[in-house]
Amino acid sequence: MSQDSSAAATASNNNVTLTDNVTGKQATFPVRTGTQGPGVIDIRSLYAETGYFTYDPGFIATGSCESKITYIDGDNGILLHRGYPIEQLAENSDFLEVCYLLLYGELPTGEQKVKFDRGITLHTMLHEQMANFYRGFRRDAHPMAIMCGVVGALSAFYHDSTDISDPHQRMVASYRMIAKMPTIAGWAYKYSIGQPFIYPSNKLGFAENFLHMLFATPCEDYEINPVIAKAMDRILILHADHEQNASTSTVRLAGSSGANPFACISAGIASLWGPAHGGANEAVLNMLHEIGDKSNINEYIKKAKDSDDPFRLMGFGHRVYKNFDPRAKIMRETCHSVLNELGIENEPLLELAMELEKIALEDEYFVDRKLYPNVDFYSGIIFQALGIPTSMFTVLFAVARTVGWIAQWNEMIEDPSQKIGRPRQLYTGQPYRDYVPIKTRP
Ligand code: SDX
């Protein structure tokens, strides 16, 4: 499905040699270089040649795949989607155009954009029986629990797009996933507040439709504020894809076994839910409410710095960014424009967040560890201003990230070197021992 729009990774004439200091045995491994960023040491023959595995919990220095979709330069705070910087996409593009770019590798022509938008629009409805799934949940179920369940259940309805060996079926499943997530999310929200489900409208754009399904009711016309719709569309762009993060790696690993795309996306949603990942936007709002007032900031900064205290400054830090997350900067600007449009002045949570950011960025603990605000630090303040409940924040992240997950899933399926993901381990458990019958145990 993707067009090869950039140079493939090249095998450089460089290599590295490992020497076992005990046996003196040496093994040499090729270095491969990409179009940008660090090269990689291809260690696929390491175990065969040395009898050793590598050891890298959390994959801090491990490349799991070759990809052409997204590139992050963490030291310089750069994020590119198919080579285009996130700042320019956020300013000039729209979410469905970014979806097209992530899926196909190039920006669409005018004609391709119209066709793609229409193709997504025609897949926004859900099979009517899927509404029954919602009624099995308690009204107070966390919406992310509902998303995991309902998205996984898509496998039970859309059998005609689960054959992953068929490029056409993969494309149909991709369109279905992107198109149906706002509907599934909107219905999860409506179910939680006891309001009737709102069907998608083919007259509306992607972000407008999402707002419509979240906030419209059958009783009166829902007026969409164009500034809010544009802000929502921009927020979706900012969350669309991000290299091999935890949830994307989950989707790739699930997909590597041949699982159907709906099941893989459901796995990605589950991984995103964690507070160390996509769940951080909800955790930031809860943290700001807990801090409550600027006068308490220093107490919480102290807790965040205390290695014996599990408290962390949510929305701060990142595995890759050791500089400002470029998305956080755009999110902060969007926050101001949304609050201005809504006539919200001196929003206490925004004031608190900005003071917290200022103090943290002047504190050597955060400076030494290169901990900066990430995409989640400001997003919750915008969502709350839009009237979205905290429990729905990570759902919005999942709606946006679905295109990244499905684009990376397609790339994995199309990768000729793709194998089932099956990491090894360093075993430190009991050595071989015989079973002891219970009567003879001490
Ligand atoms: C997302 O991977 C992606 O691309 C994710 C994402 C995407 O778009 O997909 O960008 C989205 O998940 C953003 C991150 C959202 N999570 C949070 O905001 C939660 C708070 N952040 C942390 O939990 C943490 O920073 C992580 C999980 C984001 C990154 O953790 P790492 O890379 O494993 O870093 P680490 O835990 O090894 O921390 C290094 C040091 C440690 O101190 P020391 O042991 O060196 O003394 O920094 C400290 C940590 O204690 N530290 C923090 C901190 N984050 C790291 N201390 C206080 N507050 C924090 N937030």
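Indexing begins at 1, ligand by ligand and atom by atom, following the structure's order. Sequence positions, counted from 1, serve as the residue numbers for this chain. FYI, side chains are in, hydrogens and waters are out, and symmetry mates aren't considered; it's all heavy atoms of this structure.
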- Task: Could you give me the CA-CA distance, side-chain angles and deciding distance for K302 and D306, then say whether salt bridge (Lys or Arg N to Asp or Glu O under 4.0 Å) is met?
- Result: CA-CA 6 Å; K302 188 162 174 257; D306 178 356; over 6 Å; no

Could you list the donor-acceptor pairs under 3.5 angstrom formed between side-chain atoms of residues 309-320 and any protein atom two or more places apart in sequence or on another chain?
| residue | atom | partner | partner atom | Å |
| --- | --- | --- | --- | --- |
| D309 | OD1 | F311 | N | 2.8 |
| D309 | OD2 | K303 | NZ | 2.9 |
| H318 | ND1 | V320 | N | 2.9 |
| H318 | ND1 | Y321 | N | 3.2 |
| R319 | NH1 | G58 | O | 2.9 |

- Item | All ring-ring contact (aromatic ring centres under 6.0 Å, His included) counterparts of F324, not counting sequence neighbours | Y372

- Write out all pairs satisfying salt bridge (Lys or Arg N to Asp or Glu O under 4.0 Å) with one or both partners inside residues 363-384, taking only residues at least two apart or from two chains. K305-D363

- Message: Between F262 and F157, is the ring centroid distance below 6.0 Å?
- Response: no

- Can you tell me which residues line ligand 1 if we count any heavy atom under 4.0 angstrom from one of its atoms, in chain and number order? H242, N245, P275, A276, H277, A280, A304, R312, L313, M314, G315, F316, G317, H318, R319, R327, Y365, R369, L371, N374, D376, F397, R401

- Query: Are the charged groups of E362 and K358 less than 4.0 angstrom apart, N to O?
  - Reply: yes

